[in-house]
Asks: 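Here it is, the structure in full.
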Amino acid sequence: MFRGIDEVDWASMEHAYGSAADVPELLRGLASPFPQERETALDGMYGAVHHQGDVYDSTLASIPFLFTLAGRTGLPDRGGIVELLASIGGSEAGDDIAYADDTGDGEDSQGPQSPDDPGESGESGVDKHGMARAAVRAGAGLFLELVTDGDPEVRRAAPSALVRFHREPPRVLALLSDRLRDEPDDAVRLALVEALGLLVRLHGTSAAPAVDRLVSLSGPAHDPGLRLAALGQLASCAADRLPQDLVPTVVGLLHTRSQRIRPPGEPVRTSSDTLLGSLRRMRPADEEGARLLRTLHQALGARTGDRIALLKGQLSSRNTADRCNAVWMSAGLFREWRGAYEEPVALIGEQLGSDEERLRSAAVSVLEFLFTLAAPAAERLAALVESGSASRGSGAAMLDRPLKALARCGDARAVPALAEVLRHPAVPNETGYAIGYLGPAAEPLAPLLRKRLAEVPLDAHDTYDRAAPLLSALGTLRYTEAVPEVLRLLQGIPPELRLRDALVKVVAQTLGAFGPGARAAVPTLRGLLTGENAVAAADALRAVEGDAEEVLPALLRALGPERDAGGRRTAAETLGRIGAAAAPALPGLRRMAGSAEVGERTAAACALWDVGGDPGPVLPVFREAWRRNAYTRRTITACLVRMGGAGTPVHDLVRTELASPRRHRARSGGHGSHDVLDDELLLRDCRTALEAA
């Protein structure tokens, strides 16, 4: 099984963590008689040899041995090895490109997002991903055999790999059709249906018979799970063949399926502490149902009306697993697409009254990142918070998650519970940030925030972590009575403190938010005008005293080309707030507007308008930055609000944004916790900009 493995010079090769000398041990571990050793070895292969999808010379050298292991009848857990081979061979998108153009001239739509992103290239110029894809294709004949293997886990993994890497689509289609007729295992049958859809996506019109087969499988003659799988694949590859009554059909099939399947027992546990073991423990109670509905939701994409109707049907199911799956499906919809979500959000709020802890936790997780969009569920959140039954998360260091969700949607009913949190000796660090979303309703909390800030030690390892959220909340509330406590930090933190400069900046921002009420801090702020925190101090002094002349020298120095880009951006923003009185900065701002860094150019252009009032050099920068980097759009739109009619020449960008169904920061591979909020604020500013003109 491992013939020749010791003849390979593994020590001269590399993986994600350096020398690949340990790869033979990992490969042998895949054949271990002990389940935990096999899982640990597979985890190591993903973690080092194929780290985050990367391909190394050791990855290429492993492929022949992986094929040998995958073909060894009777060896347990070979399904995971087949999946690893398919992953090494490349993603579905990569395969699509390769099939379309084997010369390598195809253009990958998942490539660089902007000219500022050069993409990846191998250090030696060798296309290791292409070599891996070719190696897996060369061995793809094995996948023909594995489709009929005696191990159902292998049979479930093989169809996708077969479709992606075998070069004879007609032969593959015939085999898949035969297996669908003869396969006794329901999970494998679903994998075969998914492979048919993949075949169509990769081969287009040449795989038309596969579409006909999917249409047939979606009909009444088949069981609900298989029909749901076929409908999901049709939605992804042949949407014109979907039934007109798609949503009611899917909801009906979902309910019928839920009545037929047995209630899930105890989830399969593993003693392994590997990443794969953790992922297995996190699997949904009805993993198959989750996959079926996730496929359909993803395929429907921007058809938000259909997806909302589907969610409402799922969330009305009597089956807890169906409702839990629906909650998790909603997360992807809310994060990626804009829509009228009041009804599904309210239904998610209803799940907070469930006796099932998994369902309640899923609902809270989604409501947490919705911010103001969670308002339709606020009544349920408030009831959960007021009942005292809200979960504390993973310990006292975490704010109650339902309470955080309630505060984030701006509901004043969070205030009493937050006051109770602030009265405890140990305050979760995120409390201050949550308070910031409540606005004036949180004013009763200001004295407690001040008291807690006074108790923060000046020289502890977590001084920044504890103080920064409290300072943020006090600044939002403009609670000037806390100036002595804020100054205590500014004047007393030692030079060697962890994150000292970051804390000084937050302190300065808080004093600036206090405005004239922080005059006691003026001498201390002046002392910072020549140090590392000069820009933050200058901004605070401007807000407290209103004297531009005193702070201009520090800001002009910060614009110098020898300074870091982040400091220049912050200085430009401060100069913009000063306005016309900062005219001496115009030459430096014009130089910045030609920077190679898109964020720096955008900040400079905004300041050019605020200081000079000339849209000429500003609007071209806005148009280019808007196209190249979605993260600049909120900054640009806020400036367009200030520009009024002068921004009209680029209002086509604003109108296009308002008409787009997709959130501006939506991207594959994950989402930030504030992306929905940022998108809602962008839409608000877009409307305001048009009104201001």
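Owing to the predicted nature of the structure, the values given are computational and were not obtained by experimental measurement. Residue indices begin at 1 and follow the sequence shown.
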Asks: Take atom CG of Asp245 as the centre, draw a 6.0 Å sphere, and report whether it contains more than 12 heavy atoms from other residues, nucleotides or ligands.
Replies: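 Yes, CG of Asp245 has more than 12 neighbouring heavy atoms, counting only those of other groups under 6.0 Å.
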
Asks: Set out, in order, the CA-CA distance, both residues' side-chain angles and the distance that settles salt bridge (charged side-chain N to carboxylate O under 4.0 Å, His left out) for Glu379 and Arg413, then state yes or no.
Replies: CA-CA 9 Å; Glu379 194 72 35; Arg413 287 173 289 189; 3.1 Å; yes

Asks: Side chains of Arg318 and Ser258: is there a donor and an acceptor less than 3.5 Å apart?
Replies: no

Asks: Going by the salt bridge (Lys or Arg N to Asp or Glu O under 4.0 Å) test, name the single residue among Arg338, Arg663, Arg634, Arg687 that passes it with Glu680.
Replies: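 The option that passes is Arg663.
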
Asks: Ignoring hydrogens, what is the shortest heavy-atom contact between Cys237 and Leu214? Give both atom names and the distance.
Replies: SG-CD1, 4.0 Å

Asks: Is it true that, when you exclude Arg577 itself, more than 12 heavy atoms of the residues, nucleotides or ligands shown sit nearer than 6.0 Å to its CZ?
Replies: yes

Asks: Look at Lys404 together with Glu368 and state whether they make a salt bridge at an N to O cut-off of under 4.0 Å.
Replies: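 A salt bridge links Lys404 with Glu368.
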
Asks: Any donor-acceptor pair under 3.5 Å linking the side-chain atoms of Asp322 with those of Ser317?
Replies: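 There is such a pair (donor and acceptor under 3.5 Å, judged by atom type) between the side chains of Ser317 and Asp322.
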
Asks: Looking at every non-hydrogen atom in both residues, tell me the closest pair between Leu315 and Leu347 and how far apart they are.
Replies: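 Heavy atoms only, the tightest pair is CD1-CB, 3.7 Å.
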
Asks: Taking the basic N atoms (NZ, or NE/NH1/NH2) and the acidic carboxylate oxygens, is any pair closer than 4.0 Å for Glu657 and Arg633?
Replies: yes

Asks: Is the backbone N or O of Ser472 less than 3.5 Å from a side-chain atom of Thr476, with the two atoms forming a donor-acceptor pair by type?
Replies: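 Yes: the side chain of Thr476 pairs with the backbone of Ser472.
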
Asks: Verify, without hydrogens or angle tests, whether Ser387 (side chain) and Leu384 (backbone) share a donor-acceptor contact under 3.5 angstrom.
Replies: yes

Asks: Please check this pair: side chain of Asp223 against backbone of Leu226, looking for a donor-acceptor N/O pair closer than 3.5 Å.
Replies: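 Pair found, side chain donor or acceptor close to backbone of Leu226.
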
Asks: Quick test of your reading of the model: are Glu356 and Arg323 salt-bridged, counting only N-O distances below 4.0 Å?
Replies: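 A salt bridge is absent here (no side-chain N lies under 4.0 Å from a carboxylate O).
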
Asks: Is the shortest side-chain N to carboxylate O distance from Arg423 to Glu420 below 4.0 Å?
Replies: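 Counted as a salt bridge, because a side-chain N and a carboxylate O are separated by less than 4.0 Å.
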
Asks: Look only at the side chain of Asp679 and the backbone of His664, and say whether a donor-acceptor pair between them is shorter than 3.5 Å.
Replies: yes

Asks: Is the side chain of Arg642 donor-acceptor paired with the backbone N or O of Cys606 at a distance under 3.5 Å, no angle test?
Replies: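 Answer holds: no.
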
Asks: Does Thr602 use its side chain to pair, donor to acceptor, with the backbone of Val598 at less than 3.5 Å?
Replies: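 Answer holds: yes.
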
Asks: Got a salt bridge between Arg307 and Glu336, using NZ or NE/NH1/NH2 to carboxylate O under 4.0 Å?
Replies: no

Asks: Please indicate whether Glu343 has more than 12 foreign heavy atoms, meaning atoms of other residues, nucleotides or ligands, lying under 6.0 Å from its CD.
Replies: no

Asks: Are the side chains of Trp328 and His297 in contact, using a 4.5 Å heavy-atom criterion?
Replies: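 Counting from C-beta outward, His297 and Trp328 never come under 4.5 Å.
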
Asks: Which atom pair, heavy atoms only, marks the closest approach of Leu640 to Gly647?
Replies: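 In terms of heavy atoms, the two residues are closest at CD2-CA, 4.0 Å.
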
Asks: Can a donor-acceptor pair be found between the side chains of Gln351 and Arg380 at a distance below 3.5 Å?
Replies: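 Absent: no donor and acceptor within the cut-off.
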
Asks: Any salt bridge between Glu455 and Arg452, counting N to O under 4.0 Å?
Replies: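 Here Glu455 pairs with Arg452 in a salt bridge, since their nearest N and O are under 4.0 Å apart.
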
Asks: Between Ser660 and Thr656 (side chain of the first, backbone of the second, donor and acceptor by atom type, cut-off under 3.5 Å), is there such a pair?
Replies: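 Not a single qualifying donor-acceptor pair exists.
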
Asks: Between Cys409 and Ala374, what is the shortest heavy-atom contact and its length?
Replies: CB-CB, 4.2 Å

Asks: Run Asp678 and Arg665 through salt bridge (charged side-chain N to carboxylate O under 4.0 Å, His left out) and show every step you take.
Replies: CA-CA 8 Å; Asp678 285 340; Arg665 282 163 60 166; 2.6 Å; yes

Asks: Looking only at side chains, do Ser365 and Arg401 share a donor and an acceptor under 3.5 Å apart?
Replies: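 There is such a pair (donor and acceptor under 3.5 Å, judged by atom type) between the side chains of Ser365 and Arg401.
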
